[in-house]
Participant: 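One structure follows; several queries about it will come next.
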Amino acid sequence: PVAIAVSLGVLIAACSSDGREMAPPRADQRQTIIDGTTAPTVIDGSLELSTTPLEVFTLTAPWNDGQPIPIDHTCSGDGVSPPLVWSGAPIETQSFALVVTDLDATGPTGAPLVHWVVANIDPFVTTIGTGGSAAGAIEGVNDLGRPDVPIVGWSPPCPPNGETHTYLVTLYALSQRLEFLDGTPGADLIRAIELASLASTGLSGTVSS
């Protein structure tokens with residue numbers, strides 16, 4: 001038995017080391033196996049690299065963000081509402097809403113002047129055409145009318161002579177449809193939109209007179 005134990009000890013020692021040592025790493029051997037910019041995903045206990053990018057909620061108009069709005073969509077031209085296209089909304093979206101405001105003018109409530117409020121846009125809709133709206137949507141009263149002559153829907157940008165104003169177009173993805181009717185005061189509709197918002201995206205444009 002003693003001889004057997006000694007033999008096993010010699011055999012284990014021989015298997016654990018063959019007398020050679022690993023060379024120290026070279027200066028150029030510093031690359032990791034997993035790129036640190038790629039988040040790993042564990043699936044069924046194994047490590048896999050996630051290569052699917054997250055889609056970003058974006059809104060596109062006929063002008064680039066911060067650039068002049070085409071004259072067709074202002075009071076100096078035809079004054080029609082611009083075509084808009086969007087993508088990347090949260091999967092939980094139950095409806096969309098759209099708000100257009102003048103950041104350099106104030107409305108009756110002291111908030112930016114409202115040119116357009118649209119709500120209850122179907123969640124499968126991803127575009128609004130030139131001078132149009134989405135079927136089944138509702139529009140609120142904007143700030144360009146008078147108490148005795150309210151304006152429902154779109155009013156084109158029209159800054160005072162000699163001024164340049166910035167207009168913000170904001171699209172909201174909402175968690176529900178809103179229980180309002182056409183002709184709801186814009187401030188009330190915007191308040192409900194902000195409370196139900198899951199996410200928002202937008203862009204600005206300028207108009208000079």
Participant: Could you tell me which residues satisfy side-chain contact (heavy atoms from CB on, under 4.5 Å) with T127, sequence neighbours excluded, listed by chain and number?
Facilitator: V85

Participant: Quick test of your reading: applying salt bridge (Lys or Arg N to Asp or Glu O under 4.0 Å), list the pairs with at least one residue in residues 187-207, sequence neighbours left out, ordered by first then second residue.
Facilitator: D188-R191

Participant: Would you please name every residue forming a ring-ring contact (aromatic ring centres under 6.0 Å, His included) with H73, sequence neighbours left out?
Facilitator: none

Participant: My understanding is that a hydrophobic cluster links ILVMFWY residues whose side chain heavy atoms are under 4.5 Å apart, including indirect links. Using that, what else belongs to the cluster containing I151?
Facilitator: L113, L144

Participant: How many angstroms lie between OG in S209 and NE2 in H165, if you round to the nearest 0.5 Å?
Facilitator: 7.5 Å

Participant: With a cutoff of under 4.5 Å between side-chain heavy atoms, which Ile, Leu, Val, Met, Phe, Trp and Tyr residues group with V80?
Facilitator: none

Participant: To the nearest 0.5 angstrom, please state how far the NE2 atom of H115 sits from the CG atom of D102.
Facilitator: 4.5 Å

Participant: Output the distance between atom CG (L203) and atom OG1 (T170), rounded to the nearest 0.5 Å.
Facilitator: 8.5 Å

Participant: With clusters built from Ile, Leu, Val, Met, Phe, Trp and Tyr whose side-chain heavy atoms come within less than 4.5 Å, directly or transitively, what are the remaining members of the cluster of F124, listed by chain and number?
Facilitator: none

Participant: Any side-chain heavy atom of Y167 sitting closer than 4.5 Å to one from V207?
Facilitator: yes

Participant: Looking at residues at least two apart in the chain, or sitting in another chain, which of them share a side-chain contact (heavy atoms from CB on, under 4.5 Å) with A192?
Facilitator: L178, F180

Participant: To the nearest 0.5 Å, what is the distance between OG1 (T184) and CD1 (I190)?
Facilitator: 11.5 Å

Participant: Which residue pairs pass the disulfide bond (SG atoms under 2.5 Å apart) test with at least one member in residues 108-207, sequence neighbours excluded?
Facilitator: C75-C158

Participant: Please name all residues satisfying side-chain contact (heavy atoms from CB on, under 4.5 Å) with A199, sequence neighbours left out, ordered by chain then number.
Facilitator: F57, P90

Participant: Could you name each residue pair satisfying side-chain hydrogen bond (donor to acceptor under 3.5 Å, both in side chains) that touches residues 76-100, not counting sequence neighbours?
Facilitator: T58-S87

Participant: How is the hydrophobic cluster of L103 composed, in terms of its other members, when Ile, Leu, Val, Met, Phe, Trp and Tyr link through side-chain heavy atoms under 4.5 Å apart, directly or indirectly?
Facilitator: L168

Participant: As an exercise, state the distance from OH of Y172 to CG of L198, rounded to the nearest 0.5 Å.
Facilitator: 13.0 Å

Participant: Please list all pairs passing the side-chain hydrogen bond (donor to acceptor under 3.5 Å, both in side chains) test where one or both residues lie in residues 136-150, with sequence neighbours left out.
Facilitator: W116-E139, N142-S155, R146-D148

Participant: Would you compute the distance between atom OG1 of T126 and atom CG of L84 and round it to the nearest 0.5 angstrom?
Facilitator: 11.5 Å

Participant: With heavy-atom distances below 4.5 Å as the criterion, would you say the side chains of P62 and P83 are in contact?
Facilitator: yes

